[in-house]
Enquirer: 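Handing you this structure, nothing more for now.
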Amino acid sequence: MERPPPSDWGRPRTAVTKRVDRVGEAGWNREIASRPRKRTKAIFVCLETDMAKKERKPDQGDEKLYALRHSAAHVMAGAVLELFPGAKFGFGPPIQDGFYYDFDLARPLTPDDLGKIEAKMQDVVKHDAPFQHRDDSEDEVRDGRVSIYQHDGFVDLCKGPHVASTGKIGPFKLLSIAGAYWRGNERNPQLQRIYGTVWPVQKQLDDYLKRLQEIERRDHRVLGKELELFRIDEELGSGLVLWLPNLSIVREELETWWRKIHRDRGYTLVYTPHIAHEKIYLRSGHLEKYGENMYGPLLLDDGTQKFWIKPMNCPGHIKVFQSKIHSYRELPLRIGELGTVYRYERGGTLHGMLRVRGFTQDDSHIFCSWDQAQDEIGKVFDLALEFLSVFGYTDPSIYLATRPEKRLGSDELWDKAEAALKTALGIREVAYKVDEGGGVFYAPKIDIRVHDAIGREWQGATVQIDLNLPERFDVTFVNEKGERERAVMIHRVLFGSLERFVGGLIEHYAGNFPVWLNWEQVAVIPVRESALPYARDVATRLRTENFRVHLDEQAGDLRNRVKEAQQRKASYMLVVGDKEAAAGTVSVRRRGSRDEERGVALDAFVDRIKKERESKALPADFAQHEPSAGDSIA
RNA sequence: GCCGACGUAGCUCAGCCGGUAGAGCAGCGGUUUCGUAAACCGCCGGUCGGCAGUUCGAGUCUGCCCGUCGGCUCCA
């Protein structure tokens with residue numbers, strides 16, 4: 001079946017086309033043409049547009065890696081063209097750890113094709129054909145200069161840089177096939193994208209592939225099954241998470257701690273309903289702006305009453321605030337809730353616990369005056385950093401996301417809000433990057449992104465100044481002059497959603513939770529039946545200290561029972577036999593370790609694990625890996 | 001939602017060109033009493049994602065739907 005070509009592709013020609021209409025947002029405007037077979041197989045035109053002149057993105061690698069990835073992408077494109085005559089080409093940029101290239105082909109690619117393409121690429125690499133650069137061409141182009149790279153019989157018109165010759169391309173591997181919209185716009189036709197990776201030396205490729213395996217091993221969906229953490233049941237509904245008993249314990253601990261740190265910081269914790277009358281979502285603008293994602297309506301009283309399931313907690317918190325008139329003396333008023341919301345996300349976007357349809361936000365709305373706003377933002381900011389560091393997330397980077405093109409509220413308000421965020425960051429002297437236009441339609445925001453144990457970046461916390469709802473709901477307080485004044489509404493989350501956060505934690509810890517969160521803090525394993533009474537005493541003692549203990553009463557091989565405790569990810573295994581019973585000691589073995597520490601006094605152990613629990617210490621088997629070596633060549 | 005792949009017992013997977021399901025682990029019942037990552041024997045367990053269709057006959061072929069996975073788009 002022939003798919004229609006992307007709408008703004010050029011017609012095949014015998015020479016480089018001169019039709020260059022406009023510069024796309026993606027930066028590279030290109031036309032495709034084909035030349036007589038023998039000499040030239042395909043031609044790309046890359047104009048030097050503003051975007052093209054822009055610096056490389058940091059994750060595309062330094063200049064050498066960029067060239068390597070870029071060159072591999074072009075060699076791949078050449079190989080694809082040989083195997084699929086008539087193939088058309090989209091973009092093929094370097095990306096973090098590799099490259100991709102988009103193609104329009106007569107038939108869908110299969111995994112087998114990847115091997116064939118790889119083989120062709122190997123041939124080209126063996127050939128060691130030089131990448132030749134020409135700075136102009138015989139072709140007319142309205143604006144910009146044409147820059148051509150050529151290797152073998154294959155001509156690329158693009159800006160480079162490339163490696164000197166195809167032989168300089170290091171070990172590579174094609175990884176996956178995926179669909180991708182032409183120019184990233186979902187109204188456009190879809191192309192087939194091949195992802196690949198390439199490295200200067202074999203060891204780096206091996207390391208990278210090992211890292212991919214490590215990521216797979218940590219996948220929260222896999223660990224979620226193995227450790228009985230959560231389940232998503234088709235019959236119950238996709239995107240809806242069942243927290244199994246083990247993970248429920250983790251959540252309970254997190255929530256308890258969350259409540260404590262919020263009460264300590266002057267937050268008022270509330271509960272609001274899960275469904276609400278249509279009126280409120282008409283007023284808030286949610287139905288208009290967000291209706292497609294909302295569950296509902298629920299029709300009652302013959303359809304005259306409409307209710308919707310809440311997708312956000314803000315309207316409820318505003319109603320809490322408005323339950324009485326507030327004096328400036330009461331501000332800032334910090335209203336917080338572990339608020340469960342439901343959003344109908346498109347099917348293809350769901351992903352384990354990281355992208356679901358029902359989730360609980362640790363949501364807070366801070367109502368204050370403009371004078372107080374930057375101070376409040378600063379406090380949230382400090383809290384967020386403190387909070388994230390407890391989990392061992394490191395190397396936070398801060399982004400200030402400013403007004404997007406499509407937005408609500410006057411420029412004057414946006415100026416004020418952005419200024420408040422900036423000042424808060426400035427006072428704390430933190431380095432931050434500006435994400436121009438990255439704000440949401442109703443608010444500029446500060447995002448905190450952190451790195452996990454294997455160097456991946458996660459969205460940590462976000463702070464926004466809402467410019468929409470205070471107006472719509474006429475949220476006010478009484479100022480010192482006795483006048484009603486518009487309140488500022490700061491919206492913030494720390495976890496984001498508990499589902500996403502905990503899903504991320506599973507991967508971050510690789511299932512090895514610290515003592516304070518672990519569902520099985522101690523496994524008590526008697527060597528044989530004769531030690532069972534003592535084992536019971538040990539378990540009882542620990543339970544008195546509020547530890548979660550698994551007492552292993554089954555008969556069987558000790559080795560096997562230790563293995564099972566390791567597999568359940570118990571933080572500690574206490575093996576007790578007749579010797580321990582006589583001495584009042586335990587033999588301590590830590591999760592992940594093959595060594596045991598014998599003859600530890602029970603009291604000493606209790607003391608140790610209590611300290612570990614109270615300090616929320618990261619587990620001994622937690623290792624912070626180096627961030628991806630990926631972006632430069634040492 | 002879109003492109004592609006996939007969907008067999010609680011889990012991981014086998015099942016050749018269509019002839020009416022098989023293993024390991026888990027579970028259960030025994031046996032084993034054993035000092036730190038898999039003791040032995042037996043048993044139970046499957047509307048082969050769902051609904052249609054082709055066929056004498058479908059887990060195997062076709063269509064639609066649901067779900068999952070890799071991405072795109074979107075996002076907490």
Side-chain angles (χ1 to χ4, degrees), chain A residues 3 100 102 104-105 107-111 113 175-195 219 221-222 225-226 228 231-239 290 292-293 311-313 339-341 343-363 440 447 458-462 491 493-501 503-504 523 525-532 554-568 573-580 587-598:
Chain A
R3 268 173 304 156
Y100 68 77
D102 290 342
D104 184 39
L105 307 171
R107 67 162 174 87
L109 289 164
T110 67
D113 292 324
L175 299 171
S176 62
I177 305 160
Y181 295 108
W182 168 240
R183 297 191 153 199
N185 186 325
E186 65 177 318
R187 290 195 315 268
N188 288 340
Q190 275 203 316
L191 312 178
Q192 299 191 68
R193 174 173 298 178
I194 301 177
Y195 284 94
D219 190 316
R221 295 165 300 185
V222 175
K225 272 181 195 160
E226 282 175 13
E228 298 176 18
R231 181 180 168 80
I232 293 170
D233 186 277
E234 184 194 329
E235 193 175 6
L236 196 67
S238 62
Y290 206 72
E292 282 185 5
N293 290 296
M312 295 184 193
N313 297 301
T340 302
V341 297
R343 300 178 184 175
Y344 191 81
E345 302 285 349
R346 296 148 114 198
T349 64
L350 302 175
H351 183 90
M353 295 185 86
L354 302 182
R355 188 74 185 271
V356 295
R357 286 178 172 158
F359 56 97
T360 300
Q361 294 183 300
D362 66 316
D363 218 346
V440 281
D447 285 332
W458 295 77
Q459 165 80 46
T462 177
H491 170 109
V493 292
L494 266 39
F495 288 126
S497 96
L498 278 161
E499 282 73 6
R500 181 175 284 181
F501 187 84
I525 307 170
V527 173
R528 58 174 130 180
E529 215 170 338
S530 59
L532 191 52
Q554 67 178 319
D557 190 350
L558 178 61
R559 288 186 307 154
N560 194 31
R561 291 179 290 148
V562 168
K563 187 206 77 180
E564 285 174 358
Q566 289 277 17
Q567 285 180 337
R568 293 193 307 269
M573 279 139 275
L574 301 184
V575 174
V576 295
D578 298 335
K579 291 174 210 158
E580 284 79 7
S587 169
V588 180
R589 175 160 165 158
R590 223 163 39 196
R591 180 188 56 214
S593 163
R594 287 181 182 270
D595 306 320
E596 68 264 12
E597 203 184 332
R598 300 209 181 183

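Throughout, protein chains are lettered first and strands after them, A, B, ... in sequence-line order, and every chain is numbered starting at 1.
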Enquirer: Exactly one of A:Val341, A:Leu494, A:Thr340, A:Leu498 should register a side-chain contact (heavy atoms from CB on, under 4.5 Å) with A:Gln361. Which one does?
Expert: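 Among A:Val341, A:Leu494, A:Thr340, A:Leu498, the one that satisfies the side-chain contact (heavy atoms from CB on, under 4.5 Å) with A:Gln361 is A:Val341.
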Enquirer: Taking the six-membered ring of A:Phe495 (Phe, Tyr or Trp), confirm whether the NZ or CZ of A:Arg500 is under 6.0 Å from its centre and within 45° of its axis.
Expert: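 Verdict for A:Phe495: no cation-pi partner in A:Arg500.
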Enquirer: Tell me if the CD atom of A:Glu529 is crowded by more than 12 foreign heavy atoms within 6.0 Å.
Expert: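 No - once you tally the heavy atoms of other residues, nucleotides and ligands closer than 6.0 Å, there are 12 at most.
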Enquirer: Taking CG from A:Asn293 and P from B:A76, how many angstroms apart are they, rounded to a whole number?
Expert: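 Spelled out: CG on A:Asn293 to P on B:A76 is 10 Å.
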Enquirer: So what does A:Gly556 touch, heavy atoms closer than 4.0 Å: a base, only the sugar-phosphate, or nothing?
Expert: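 Answer is base: heavy atoms of A:Gly556 come under 4.0 Å of a base.
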Enquirer: In the strands shown, is B:A52 matched to any nucleotide by a Watson-Crick or G-U wobble pair with both distances under 3.5 Å, and which?
Expert: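 Its partner is B:U62.
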Enquirer: Would a distance-only check, ignoring hydrogens and angles, find a side-chain to backbone donor-acceptor pair under 3.5 Å from A:Arg193 to A:Ala178?
Expert: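 No; judged by distance alone, with no hydrogens or angles, the pair does not exist.
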Enquirer: Counting only Watson-Crick or G-U wobble pairs whose two distances fall under 3.5 Å, which nucleotide matches B:U31?
Expert: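 The base-pairing partner of B:U31, which may sit in any strand shown, is B:A39.
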Enquirer: For A:Arg193, report the nucleic acid contact type (base, sugar-phosphate, nothing); a contact means any heavy atom under 4.0 Å.
Expert: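 If one applies the 4.0 Å heavy-atom cut-off, A:Arg193 turns out to touch the sugar-phosphate alone, with no base involved.
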Enquirer: Among the candidates B:G71, B:C75, B:G1, find the nucleotide nearest to the side-chain atoms of A:Tyr195.
Expert: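 The listed nucleotide nearest to A:Tyr195's side chain is B:G71.
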Enquirer: What I want to check is whether an N or O donor and acceptor connect the side chain of A:Glu580 with the base of B:G35 at under 3.5 Å.
Expert: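 Looking at the base of B:G35, it does pair with a donor or acceptor on the side chain of A:Glu580 (distance under 3.5 Å).
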Enquirer: In whole Å, I'd like the distance from the CH2 atom of A:Trp182 to the C1' atom of B:G71.
Expert: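 My rounded result for the distance is 18 Å.
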Enquirer: A quick test of your reading: do over 12 heavy atoms of other residues, nucleotides or ligands sit less than 6.0 Å from CD of A:Gln554?
Expert: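 Yes - once you tally the heavy atoms of other residues, nucleotides and ligands closer than 6.0 Å, there are more than 12.
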Enquirer: With both distances under 3.5 Å as the test, what is the Watson-Crick or G-U wobble partner of B:U20?
Expert: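 With both distances under 3.5 Å required, B:U20 matches none.
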Enquirer: With the sugar-phosphate defined as primed atoms, P, OP1 and OP2, and the base as all remaining atoms, what B/S/- string results for nucleotides 23-28 of chain B, 5' to 3', for protein heavy atoms under 4.0 Å?
Expert: ------
Enquirer: For A:Gln190 and B:G70, give me the distance from atom CD to atom C1', rounded to whole Å.
Expert: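 The distance from CD of A:Gln190 to C1' of B:G70 comes to 12 Å, rounded to the nearest Å.
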Enquirer: Output the rounded distance in Å from CD1 (A:Ile177) to C1' (B:C6).
Expert: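 After rounding, the reported distance stands at 14 Å.
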Enquirer: Provide, to the nearest angstrom, the distance between the CD atom belonging to A:Glu292 and the C1' atom belonging to B:C75.
Expert: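 The distance from CD of A:Glu292 to C1' of B:C75 comes to 14 Å, rounded to the nearest Å.
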Enquirer: In terms of side-chain heavy atoms of A:Arg589, which of B:A37, B:G1, B:G4 is nearest?
Expert: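 The answer is B:A37, which lies nearest to the side chain.
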Enquirer: Once you apply the 3.5 Å cut-off to both distances, tell me the Watson-Crick or G-U wobble partner of B:A26, or none.
Expert: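 Pairing partner: none.
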Enquirer: Look at the side chain of A:Asp595 and the backbone N and O of A:Arg589, then say whether any donor-acceptor pair between them is shorter than 3.5 Å.
Expert: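 The answer is no, because no donor-acceptor pair under 3.5 Å joins these two groups.
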Enquirer: Quickly work out the A:Ile194 CD1 to B:A5 C1' distance and round it to whole Å.
Expert: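 Interatomic distance, CD1 of A:Ile194 to C1' of B:A5: 15 Å.
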Enquirer: Looking for any heavy atom pair under 4.0 Å, which part of the strands does A:Gly179 touch: base, sugar-phosphate only, or nothing?
Expert: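 Result for A:Gly179 = base.
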Enquirer: Indicate, with a heavy-atom threshold strictly under 4.0 Å, whether A:Thr110 touches base, sugar-phosphate, or nothing.
Expert: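 No contact.
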Enquirer: Whole angstrom is fine here: how far is it from CG in A:Asp557 over to P in B:A37?
Expert: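 To the nearest whole Å, that distance equals 9 Å.
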Enquirer: Would you tell me if any nitrogen or oxygen in the side chain of A:Tyr344 comes within less than 4.0 Å of OP1 or OP2 on B:C75?
Expert: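 A:Tyr344 to B:C75 OP1/OP2: no side-chain N or O under 4.0 Å.
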Enquirer: Donor-acceptor pair under 3.5 Å: do we get one between A:Arg221's side chain and the base of B:U68?
Expert: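 Answer is no: no donor-acceptor pair is held.
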Enquirer: Given B:C2, is OP1 or OP2 found less than 4.0 Å from the side-chain N or O atoms of A:Arg187?
Expert: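 So the side chain of A:Arg187 is outside the cut-off, no N or O lying under 4.0 Å from OP1 or OP2 of B:C2.
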Enquirer: Does A:Phe501 offer a backbone N or O that forms a donor-acceptor pair with the side chain of A:Glu499 under 3.5 Å?
Expert: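 Checked: no pair found.
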Enquirer: Below 4.0 angstrom from OP1 or OP2 of B:G70, is there any side-chain N or O of A:His351?
Expert: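 Answer yes for this pair, as a side-chain N or O of A:His351 is under 4.0 Å from OP1 or OP2.
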Enquirer: Does A:Arg591 contact B:A37 through a side-chain donor or acceptor facing the base, at a distance under 3.5 Å?
Expert: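 Check fails, no donor-acceptor contact within cut-off.
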Enquirer: Roughly how far, to the nearest 0.5 Å, is the CG atom of A:Leu105 from the CG atom of A:Asp113?
Expert: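 Taking CG in A:Asp113 and CG in A:Leu105, the distance rounds to 8.5 Å.
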Enquirer: Please check if the side chain of A:Arg561 supplies one atom and the backbone of A:Pro526 the other of a donor-acceptor pair under 3.5 Å.
Expert: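 Answer holds: yes.
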Enquirer: Rounding to an integer number of Å, can you tell me how far A:Gln192 CD sits from B:G71 P?
Expert: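 Taking CD of A:Gln192 and P of B:G71, I get 16 Å after rounding.
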Enquirer: Quick one: does A:Arg346 reach the base of B:C2 with a side-chain donor-acceptor pair under 3.5 Å?
Expert: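 It does not, because no donor-acceptor pair links the side chain of A:Arg346 to the base of B:C2 below 3.5 Å.
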Enquirer: Nearest to the side chain of A:Ser176, which nucleotide is it out of B:A38, B:G70, B:G67?
Expert: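 The closest nucleotide is B:G70.
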Enquirer: Under 4.0 Å, heavy atoms only, any strand: does A:Phe495 hit a base, just the sugar-phosphate, or nothing?
Expert: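 Contact class for A:Phe495: none.
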Enquirer: B:G1 base to A:Tyr181 side chain: any donor-acceptor pair below 3.5 Å?
Expert: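 Looking at the base of B:G1, it does pair with a donor or acceptor on the side chain of A:Tyr181 (distance under 3.5 Å).
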Enquirer: Counting the atoms with a prime plus P, OP1 and OP2 as sugar-phosphate, which does A:Val493 contact under 4.0 Å by heavy atoms, base, sugar-phosphate, or nothing?
Expert: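 Result for A:Val493 = nothing.
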Enquirer: Using atom types as modelled and distance alone, determine if a side-chain donor or acceptor of A:Gln192 lies under 3.5 Å from a backbone N or O of A:Leu109.
Expert: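 Yes, the answer is positive, given that a donor and an acceptor are paired below the 3.5 Å cut-off.
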Enquirer: Work out how far the P atom of B:U62 is from that of B:C17, and round it to whole angstrom.
Expert: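 Each nucleotide's P atom is 13 Å from the other's.
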Enquirer: Need to verify one output field. Residue with the more 5' nearest nucleotide on RNA chain B, A:Asp578 or A:Leu109?
Expert: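 Final value for this comparison: A:Leu109.
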Enquirer: Are A:Phe359 and the base of B:A76 stacked, counting only ring centres nearer than 5.5 Å and planes tilted under 30°?
Expert: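 A:Phe359 ring centre within cut-off of B:A76 base, planes near parallel; stacks.
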Enquirer: Heavy atoms only, 4.0 Å cut-off, all strands: where does A:Val356 land among base, sugar-phosphate and nothing?
Expert: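 It contacts base atoms.
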Enquirer: Could you check which of B:C75, B:G67, B:U36 has an atom nearest any side-chain atom of A:Arg598?
Expert: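 The nucleotide sitting nearest to the side chain is B:U36.
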Enquirer: Which nucleotide, in any strand shown, forms a Watson-Crick or G-U wobble pair with B:C6, with both distances under 3.5 Å?
Expert: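 Matched B:C6 with B:G67 under the 3.5 Å cut-off.
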Enquirer: Phosphate oxygens OP1/OP2 of B:C34: is one of them under 4.0 Å from a side-chain N or O of A:Arg528?
Expert: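 Yes, because at least one side-chain N or O of A:Arg528 sits under 4.0 Å from OP1 or OP2 of B:C34.
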Enquirer: Quick check on RNA chain B: between A:Gln566 and A:Glu345, whose nearest nucleotide comes earlier from the 5' end?
Expert: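 Mapping each residue to its closest nucleotide by heavy atoms, the 5'-most match is A:Gln566.
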Enquirer: Looking only at side-chain N and O atoms, does A:Arg559 come under 4.0 Å of OP1 or OP2 in B:A38?
Expert: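 Answer is yes, contact under 4.0 Å.
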Enquirer: Within the 4.0 Å heavy-atom criterion, would you say A:Glu499 contacts the bases, only the backbone, or no part of the nucleic acid?
Expert: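 Touches nothing.
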Enquirer: So for A:Ser530 and B:U33, does any side-chain atom that can act as donor or acceptor lie under 3.5 Å from a complementary atom in the base?
Expert: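 For A:Ser530, whose side chain was compared with the base of B:U33, there is no donor-acceptor pair (under 3.5 Å).
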Enquirer: Side-chain N or O of A:Ser238 versus OP1/OP2 of B:G67: is the shortest distance under 4.0 Å?
Expert: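 Answer is yes, contact under 4.0 Å.
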Enquirer: Can you tell me if A:Gln566 uses its side chain to pair, donor with acceptor, with the backbone of A:Ser593 under 3.5 Å?
Expert: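 Answer holds: yes.
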